[in-house]
**Q** 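Here's a structure for you.
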Amino acid sequence: MQHALLRSEDQSSDGHTMVDVALSGVTVPEHKVAAVKRGSAGDVRFRALTLAASVLVLAVFAGVMLSLAMGAAPAIKAFGFDFLTTQYWNPVTEKFGGLASIYGTLISSVIAMLLAVPVGIGIAIFLTEICPRPLRRPIGIAIELLAGIPSIVYGIWGLFSFAPYFQENIQPWFVDLVANVPVLQDVFAGPPYGIGIFTASFILMIMILPFISAVTRDVFDTVPATLKESAYAMGCTTWEVVWRVVLPFARTGVVGGAMLALGRALGETMAVTFVIGNAHHIASSLFAPGTTISATIANEFTEAVGDLYRASLIELGLILFFITFIVLASAQIMLRALEKRAGGVQG
Amino acid sequence: MNFNRRIYNRRKRSNAIWLVLSALAALFGIVWLTLILYSLFYNGFSSLNADVFAKMTPAPGEAGGLWNAIVGSLIMSGLAVVAGTPVGILAGTYLAEYGRYARLSFFVRFINDILLSAPSIVIGLFVWQVMVVNMQSFSALAGAASLMIIVIPVVVRTTENMLLLVPNGLREAAAALGAPRSVLIKAVTWRAARAGMVTGVLLAVARISGETAPLLFTALNNQFWSTDLTKPIANLPVVIFQFAMSPYEGWHHLAWAGALLITITVLGLSIAARLLESSKRS
């Protein structure tokens, strides 16, 4: 077969291409065959190029994992499992434990989520059910735009505006208020520094709020109008429609969106670094300075001297990457399932 | 009758309470976000003057501007977008066209969406190990490389989404005319999805223009004018970080001015992306 050289991804099992079959028994002028061959060769090259680009995405991910693991190896060897359970962080004696950073990362993100999720859902309910119609789009767009503001802006606002005000006006008053309440007197205690774990959590909360609201509103918008109208026709109040129809329908999406926000909060650097205080110490009080993984790396990496010090910081990075990977992967899985269901409803 | 009235009243009450709470939540969020924007614009504009665009970053206590940082940021963002966009578009094209149902695409989508929200500081650590250690110097190139890694997933995601919106009828029409698939993609689907793909690039630029964490130990910073790509380079986010953390009043003002510039850039890009998208729809 003179056209057997033609290559195509649609090659059948016996080696003949579709072009072969189509052209068998037909006389085609040579220059036309050449044109088809050129197009086909270009096709193969282009396909290979796009494939290579997709594989590059995987390679970047693998590269990040590998390089972090290799960079962290000296610290993993030196401290082993103790790295996860001790909060001793001393560059002079080269003894490092990451517990204070890990604790700070988790606690600040959890507090931020506890505040942001209910408020974010409230905003979404407001936007989809209560807000006067002409205002819905502008407010929705404003919230989406705010979700794109770089975290460093939230960080310097926290440092220059929020922290000083909080330190002078709210913190002392609040510490006095709970001074005789068991448990709370330990959780909110200590001298008013302004900066600390709570301030960092609060800034994080404000930062992820637009994101959560926007995602939740989008999920609420996918609730079929007939479902809501049926509930209203049964005599449900607005709140009953939200609580019994909208929320159950949108649950997976809201949880998935919240997990995405949690992934962001865990890895957030700039909103936190300004106001956390950078103290490698786990205090019982949320008003005390602390640190997070990303803040530790941001503050110390360029000045870290000594291989073990650097390796310990990279190990912290590896741990952060691992935690966020799990959170983000779970979010993906939930949102993918949702997409499938939404596709099923429409189709 | 009485019994019913009690239930009705209870339902009405709880409805009112929860709706008021929702409205309060919205108010709470809007108040904080307004406060942030207000103090950003107030402090930013009062610190913004012609010097910001004319002078270099100053030593403590001296007057100066942010010009070298602005140029450094532009250089690195430019390089990152120029290098990252083709990769992102090609990968997105594979996901939407050649490998729409391939098993590989499933993994690529999954990993891409994780990279999309992965902690950017970790990407800085990666580039530090691969480039800074080997070149034995912090450099503008390393900074651009870490920004590029952030650009790619954004462009991949938007490109795929936009290509998926192109009706299959268009593809079939081109294929029926005998167009090879590569020609079909380049001449038909890319053209049909062009506005959306440009939107993706704009969003990617918006995303990297405020990125600080990955630049801290790749591009580092430079107090002086430098456009040498193999040397540390000044850039707005790191300058803002260092100046804000310093005890000097003058540096604080410049940090606010820098933050304002970044915010205006990001908001401008997002609004442009939005307009482009809606003009496409109508």
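Letters A, B, ... are given to chains in the order of the sequence lines, protein chains preceding strands, and every chain is numbered from 1. Quantities reported herein were computed from a predicted structural model and do not represent experimental measurements. Below, all heavy atoms of this structure are taken into account, side chains as well, without hydrogens, waters or symmetry copies.
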**Q** Most heavy-atom pairs under 4.5 angstrom with chain B, which of A:Leu146, A:Val60, A:Leu51, A:Leu209?
**A** A:Leu51

**Q** What I'd like to find out is whether the side chain of B:Arg181 reaches to under 4.5 Å of the side chain of A:Arg47, using heavy atoms alone.
**A** no

**Q** Would A:Tyr154 and B:Trp32 count as a ring pair (Phe, Tyr, Trp, His ring centres under 6.0 Å) here? Give the steps.
**A** CA-CA 11 Å; A:Tyr154 291 93; B:Trp32 286 112; over 10 Å; no

**Q** Side chain, backbone, both or neither: which part of A:Met65 has a heavy atom under 4.5 Å from chain B?
**A** neither

**Q** Nearest 0.5 Å, please: how far is CD1 in B:Ile111 from CG in A:Leu58?
**A** 6.5 Å

**Q** Among residues at least two apart in sequence or on other chains, which ones pass ring-ring contact (aromatic ring centres under 6.0 Å, His included) with B:Trp190?
**A** A:Phe46

**Q** Heavy atoms, side chains only, cut-off 4.5 Å: are A:Trp157 and B:Asn43 in contact?
**A** no

**Q** Once you round to the nearest 0.5 Å, how far does OG of B:Ser117 lie from CZ of A:Phe211?
**A** 6.5 Å

**Q** Name the option with the most non-hydrogen atom pairs under 4.5 Å to chain B; the candidates are A:Gly63, A:Gly120, A:Gly263, A:Gly148.
**A** A:Gly63

**Q** Taking the side chain as everything from C-beta on, heavy atoms only, tell me whether B:Gln129 gets closer than 4.5 Å to A:Ile314.
**A** yes

**Q** Supply the atom-to-atom distance A:Ile141 CD1 to B:Ser270 OG, rounded to the nearest 0.5 angstrom.
**A** 12.0 Å

**Q** Can you tell me how far the CZ atom of A:Arg310 sits from the CH2 atom of B:Trp128, to the nearest 0.5 Å?
**A** 4.0 Å

**Q** A:Phe160 and B:Ala244: which non-hydrogen atoms are nearest, and at how many Å?
**A** CZ-O, 3.6 Å

**Q** Counting heavy-atom pairs under 4.5 Å with chain B, which one of A:Leu313, A:Leu66, A:Ile152 comes out on top?
**A** A:Ile152

**Q** Going from CG on B:Leu27 to CZ on A:Phe126, what distance comes out if it is rounded to the nearest 0.5 angstrom?
**A** 8.5 Å

**Q** If you define the side chain from C-beta out and look only at heavy atoms, does anything of A:Ile125 sit under 4.5 Å from B:Trp18?
**A** no

**Q** With heavy-atom distances below 4.5 Å as the criterion, would you say the side chains of A:Phe61 and B:Phe110 are in contact?
**A** no

**Q** Heavy-atom pairs under 4.5 Å with chain B: which of A:Ile130, A:Thr237, A:Leu127, A:Thr50 has the most?
**A** A:Thr50

**Q** Are the side chains of B:Phe138 and A:Thr302 in contact, using a 4.5 Å heavy-atom criterion?
**A** yes

**Q** If you count heavy-atom pairs within less than 4.5 Å of chain B, which of A:Ser67, A:Cys236, A:Ala124 leads?
**A** A:Ser67

**Q** Quick one: pull up CD1 in A:Ile123 and CG in B:Leu24 and give me the separation to the nearest 0.5 Å.
**A** 11.5 Å

**Q** Side-chain contact, heavy-atom cut-off 4.5 Å: B:Val122 with A:Thr324?
**A** no

**Q** Pick from A:Ser54, A:Gly267, A:Pro150: which one has the most heavy-atom pairs with chain B under 4.5 Å?
**A** A:Ser54

**Q** Are the side chains of A:Leu328 and B:Asp113 in contact, using a 4.5 Å heavy-atom criterion?
**A** no

